[in-house]
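Naming: A, B, ... by sequence-line order, numbering from 1 per chain. Not measured: the values here are computed from a predicted model.
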Protein chains: 2
Amino acid sequence: MENKIKIARVQVDLTQQQLAEKVGITRQTISLIEKGKYNPSLKLCLEICYAVNKTLDELFWKEKGSDEK
Amino acid sequence: MENKIKIARVQVDLTQQQLAEKVGITRQTISLIEKGKYNPSLKLCLEICYAVNKTLDELFWKEKGSDEK
DNA sequence: ACATAATTCAATATATATATTACATTGCGA
DNA sequence: TCGCAATGTAATATATATATTGAATTATGT
């Protein structure tokens, strides 16, 4: 499984749109991040964490060699 | 205190240069990140974690409103 | 099946992370 | 003090995250 943002997002009952507004970016960017298409900045990661009430490790941690694409 | 990268780095006895090489970026970028001058990508954060044997939360977590610049 | 909301996807534009080169500064051992 | 290694910093260049617009697709409820 790519990342856990989507799961955390629905857990707090937010749509991509609403999450995007909460963290101050666009819906498309949320979509791309959830799909693992790229590589958000630390600041953005943190804001997503705050919005869905998770920590960095919970949302973004991957073990060293885990998913080699 | 800005971030904990520098501390973790010296704990594993690496110079900025060596850490940079280990994670595949330049020394200057490490310097800027340690000084809190910007905002690395998630991928880079993870690689730094692996190199110094810490987790994202240990190195990069900040509470919501903590250091407002 | 239809209507609507939620999400994915593409193209181009902009902001910014990172590279590169080079020089300045600091600290430490001889 | 001298010399060197580690670090800080600045200018410009490049790669890429993110914005923007808009269209296509997928889900959900009726």
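- Atom CD in A:E21 sits roughly 15 Å away from atom C1' in C:dT7 (whole-Å rounding).
- Separating the CD atom of B:Q17 from the P atom of D:dG8 is a distance of 13 Å, rounded to the nearest angstrom.
- One interatomic measurement links the two molecules: CZ of B:F60 to P of C:dA17, which rounds to 14 Å at whole-angstrom precision.
- One atom, CG of A:L14, and another, P of C:dT7, lie 10 Å apart when rounded to the nearest Å.
- Rounded to whole angstrom, the span from the CD atom of B:Q16 across to the P atom of C:dA19 amounts to 13 Å.
- Taking the charged nitrogens against the carboxylate oxygens, A:R9 and A:E34 do have a contact shorter than 4.0 Å, which makes a salt bridge.
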Are any protein N/O atoms closer than 3.5 Å to N/O atoms in nucleotides 18-25 of chain D? If there are, list each pair with its distance.
residue	atom	partner	partner atom	Å
D:dT18	OP1	A:S41	N	3.2
D:dT18	OP1	A:S41	OG	3.4
D:dA19	OP2	A:T26	N	3.1
D:dA19	OP2	A:T26	OG1	2.8
D:dA19	OP2	A:T29	OG1	2.4
D:dT21	O4	A:Q28	NE2	3.0
D:dG22	O6	A:Q28	NE2	2.9

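- Between A:K6 atom NZ and D:dA27 atom P the separation is 9 Å, expressed in whole Å.
- Note: CD (A:E34) to C1' (D:dT26) measures 15 Å, nearest angstrom.
- Ion pairing between A:K22 and A:E47 fails under the 4.0 Å rule for side-chain N and carboxylate O.
- Note on B:S31: a base of the nucleic acid sits closer than 4.0 angstrom, heavy atoms only.
- A:L14 and A:A51 get closest at one heavy-atom pair: CD1-O, 4.3 Å.
- B:N39 places a side-chain N or O within donor-acceptor distance of the main-chain N or O of A:K43, the cut-off being under 3.5 Å.
- A:Q18 contributes a side-chain N or O that, together with a main-chain N or O of A:T15, makes up a donor-acceptor pair within less than 3.5 Å.
- A sub-4.0 Å separation between OP1 or OP2 of C:dC9 and a side-chain N or O of A:K37 is present.
- The six-membered or imidazole ring of A:F60 lies away from that of B:W61, with a centre-to-centre distance of 6.0 Å or more.
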